[in-house]
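Proteins come first, then strands; the chains are lettered A, B, ... in the order of their sequence lines, and each starts at number 1. Please read these numbers as outputs of a predicted model, since none were measured by experiment.
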Amino acid sequence: MLPKAYEPQEVEQKLADKWQKAKLFAAQADKNKKPFVIVIPPPNITGALHMGHASTNTLQDVLIRAHRMFGEDAYWVPGTDHGGIATQNVIEKKLAKEEHKSRHDLGREAFVKTVWDWYHDCGNAIFNQFRKMGWSLDLSDIRFTMDEKRAKAVYECFRQWWEKKYIYRGKRLINWCVRCSTALSDIEVEHEQHAGKLWHLRYKGEDGSDGIVIATTRPETIYADAAIAVNPKDERYQKMVGKKVIIPLANRAIPIIADEAVELGFGTGALKITPAHDATDYEVGQRHNLPIMTVINDKGKMINCPEKYLGMDRELCRKETVKDLDAAGLLVKEEKYNNAVSTCYRCHSAIEPFMSEQWFVKMDEIAKPAIQAAESGELQFHPANWKNPFLNWLKNIQDWCISRQIWWGHRIPVWYCRHCSEKGLTFATDQQGHEQLTKVSFEDGAQPIVSYNKPEKCPVCGGHDLVQDPDVLDTWFSSALWPMSVFGWPEKTPEMEHFYPTSVMVTGYEILYLWVARMVMTGLQFTGKLPFKDVYLNGIVRDKHGQKMSKSKGNVIDPLDMTAKYGTDAVRFSLLMQAVPSKDIPYSEESITGARNFCNKIYNASRFILMNMEGIQGPLAMPTDITELADKWILDRFNNAIKTAREGILKYNLALTANTLYHFLWGDFCDWYVELAKQRFQTAEKEKVMALCVNILYGTLKALHPLIPFITEEIAASLRPYVGEKEEFLLNQSYPQFNPAWCDKEAVRKMEIIQGVTREIRTIRAQFNVPPGLKITAVLSAKDEADLAVVKAYEGYIKLMAKADNLQIGVNLEKPKQTATAVFENIAIYVPLTGLIDFEKERKRLEKDLAAAKANIASREARLAQENFIKHAPKEQIEKTKDELAAAKMALAQVTASLEDLA
RNA sequence: GGGCAGUUGGCGCAGCGGUAGCGCGUCCGCCUCACACGCGGAAGGUCACAGGUUCAAAUCCUGUACUGCCCACCA
């Protein structure tokens, strides 16, 4: 005997191994089949699987599995991302914790090797977790953004962009993360509202006058001030433009200038201009040819400032400066102020705008084809409202800062001859005594040689002393090439030929610009084709209150804990039930129990059907001579469910698929069909009923398989002999097809009546506490014979489902004494309950019905009285309203009569 | 400052032109021989607000108010 409750753990382990052994997930690369391809958003090798992976990868898996069952050559391409800064940070923390060492203690070479070792350990661990989740990735060939093929793609892109002069090096004000000690691109900077302060500071006139008062949030940068700017229209200051004021504490004179960038109404109307430490100020400085002074270095320490503050941390210097200004009587005012602080998206420390020479990509030309593709609709977003933000970003695209001053990543493929580039190169000796190139300056004459490998010799002087640029590329540089590089681009490989472009990109909306936009741009530029035509943006998994999950909040749900506790299918299904494109998923353990319960329901329904199969010889084909109402009805319901389930998959609305199949299996199949079938198991019809049960159940399992692969595979294996299926794996079978012959509106209508009457009787039973074992009599009466045709024909159904052992059905039957009454459409229902009736309760029930009937009559009559309604509304609508009115009138009469009887 | 979502029973959501559905929770009754991770039933909503379009609006349009997110150089 099978256990009463489904126990997933053992089953899942067994099946995951079996699938992998059978190489079930390998692409067939069958040229006759339409390819359906998804490249996985490569997870960073930074650690454990989280709910975000669980969500997005489950969506992809459902699509891949479903399309495979649709008969396509489905291929889900696995891989991981080296994850640049994020990974370097993790390894540095690990080093610090375990060995109390910094990366500098190890040296560059040893550090990079450490990260590679980590990758070899962690990479496999990630995919073992993926396998546990049942994700149908072909793990025989796992890509990595840093492996040789992907590195070649990165180089090829760099080379082509260099040749086109899209890549350049320049000195700019860039976003510098002091903690990660690297430059970041604009979109790697996040803006957080921060409760800060606005300080009003007095800059005295050079001539000894009161000078001018400015407002700033960053007093520690006053030492780098190059001017004070006012709006040219500002009457208060017009006379002062051109005069000079003294920077407090620094005692240096700077001019007052006029510039449109200054907002009239803000602060004091006067703005200190610090070109080296603020992006707006930098532009103002450019316009006015102001000198650029840097007072904060790459470590966040003060330089080039009054001696007192030299070497001080920028935060401390702010406090000290304010204190000293106050003491000097130059702090006019201090007010609370909420400003947006730029922070690093990896470590959330405050970003320092920083002057430095970096590598950039000129983006405007590259963006053009992408803009065109989105505008023309060739590129489709799901949901569509991401199109405009996408376009808006592309149309205002900024040059991309691609160099990072970290060690883990694709080294910039540029070399310098120490002889020819002498003055442009700065070297330092590291802690291991190795001489390292630390800084490159094109301004000072560094000459680039673009090459993947170290060149033999300098093309200019023939010298052999060549060194590689110390920086690495932004991790998103290799990600941008992912849909091509996974297939071996730039080589013309068969995979590239067959699988590119891919079918759909499934990823989170939070990386639309960071990643999706860049893939679109590179794909179009290098292949002339979009890397995918559909972009499905999934939401973020949040906690049940809509808060982002984070370790610090302690609201993280670990998917592996949950799969251990409830089974993988339950975790998958709970996510899918809520998978509406682009909507965040509020997630809690309760939503998993709901899905677990559903899995258990499937298991038990199957167990019941298998029990009843004992002694029956399979296979049983789906019967073709369907005459019984229940059979016609369930086929219609099944057919509909299958159709909607497929539509949901094609429209990327997997919540629709999940909900449809859930309600079909539980609400229709289990609650009504199987319940009705129980009675027929005792008759000669048994085999036919079993044939239907087994085939419909099997079909439902197939339809559910992409969503919950384990339990469906497990049960289908037991069912297979009975449906005559030879193929071992559901994934290799075809998805159930909509069958027009099974549509039967009439059967659905008849069942509606039976279910309606049954429910009324059940309600009466429940309200008057009729003991479950007590069979009752029910009287069904109507004015017309026609209204009773269905209940007469299927009285057996009602008797069984309502637990009535006697039904009296007839036209205008008399209402018995001591009776509870109800109405369903045109049918009056009397249930005599001698001794069980609580008259007060019954009156309340009836009065409620009375009010409802009256309200219904009033609204229908009002509508039908409207000339315009009759004139404009479609015929069916008018008919429907008339029918409803008739039914309401009938109900009113019935309820009124019953109330009178009570009195 | 601009843009995009959301606002539906206690909670979480679906519906997106014919006057409301689901899951959880609550309450009542059931260990009914597949399932108490279950079965039957009930209570609970004038679909944020104000206008408009329409015979008809939760559903379309306009505006308002909150909530969340994204973008932007107001120090």
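Contacts classified as salt bridge (charged side-chain N to carboxylate O under 4.0 Å, His left out) and involving residues 214-229 of chain A (residues at least two apart or in different chains) are given here: A:Arg218-A:Glu220, A:Arg218-A:Glu352, A:Glu220-A:Arg318, A:Asp225-A:Lys272. Screening residues 569-578 of chain A for side-chain hydrogen bond (donor to acceptor under 3.5 Å, both in side chains), with sequence neighbours left out, gives A:Asp61-A:Arg572, A:Ser574-A:Tyr587. Residue pairs meeting the side-chain hydrogen bond (donor to acceptor under 3.5 Å, both in side chains) criterion with at least one partner in residues 860-872 of chain A, sequence neighbours excluded, are A:Asn856-A:Arg860, A:Arg860-A:Glu884.
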Original post:
Using Watson-Crick and G-U wobble pairs whose two distances are both under 3.5 Å, how do you write the pairing of RNA chain B as dot-bracket, with | for links to another strand?
Top reply: ((((((((.[[[[.)..(..]]]].(((((.......))))).....[[[[[..)....]]]]])))))))....
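Separation of the A:Trp176 and A:Phe354 ring centroids falls under the 6.0 Å cut-off.
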Interface polar pairs with nucleotides 18-22 of chain B, N/O, under 3.5 angstrom:
residue : atom : partner  : partner atom : Å
B:G18   : O2'  : A:Gln877 : NE2          : 3.1
B:U19   : O4   : A:Ser859 : OG           : 3.2
B:C22   : O3'  : A:His663 : NE2          : 3.4
B:C22   : O2'  : A:His663 : NE2          : 3.2

Between the protein and nucleotides 6-12 of chain B, which nitrogen or oxygen pairs come in under 3.5 angstrom?
none

Output one line per pair: protein atom, nucleotide atom from nucleotides 67-72 of chain B, and distance, for all N/O pairs under 3.5 Å.
none

List, with names and distances, any nitrogen or oxygen atoms from the protein found under 3.5 Å away from nitrogen or oxygen atoms belonging to nucleotides 40-45 of chain B.
residue : atom : partner  : partner atom : Å
B:G40   : O3'  : A:Arg762 : NH1          : 3.3
B:G41   : OP1  : A:Arg762 : NH1          : 3.4
B:G41   : O3'  : A:Thr763 : OG1          : 3.2
B:A42   : OP1  : A:Thr763 : OG1          : 3.4
B:A43   : OP1  : A:Lys848 : NZ           : 2.2

Using atom types as modelled, flag every donor-acceptor pair under 3.5 Å from a side chain in residues 655-677 of chain A to any protein atom, sequence neighbours excluded.
residue  : atom : partner  : partner atom : Å
A:Thr657 : OG1  : A:Ala645 : O            : 2.8
A:Thr657 : OG1  : A:Ile649 : N            : 3.3
A:Asn659 : ND2  : A:Met577 : O            : 3.4
A:Asn659 : ND2  : A:Ala655 : O            : 2.8
A:Thr660 : OG1  : A:Leu656 : O            : 2.6
A:His663 : ND1  : A:Asn659 : O            : 3.1
A:Tyr673 : OH   : A:Asp631 : OD1          : 2.7
A:Glu675 : OE1  : A:Lys678 : NZ           : 3.4
A:Glu675 : OE2  : A:Lys678 : NZ           : 3.1

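Ion pairing of A:Arg843 with A:Glu840 is present here, as a side-chain N (NZ or NE/NH1/NH2) and a carboxylate O approach within less than 4.0 Å.
Every residue two or more places apart in sequence or in another chain that forms a side chain to side chain donor-acceptor pair (under 3.5 Å) with A:Glu752 is listed here: A:Arg749. For A:Gln398, the side-chain contact (heavy atoms from CB on, under 4.5 Å) partners are A:Asp186, not counting sequence neighbours. Checked against side-chain contact (heavy atoms from CB on, under 4.5 Å), A:Asp234 has the following partners two or more places apart in sequence or in another chain: A:Asn231, A:Arg236, A:Tyr237, A:Leu264.
The A:Asn604 side chain lies nearest to B:A34 when the options are B:C37, B:A34, B:A75.
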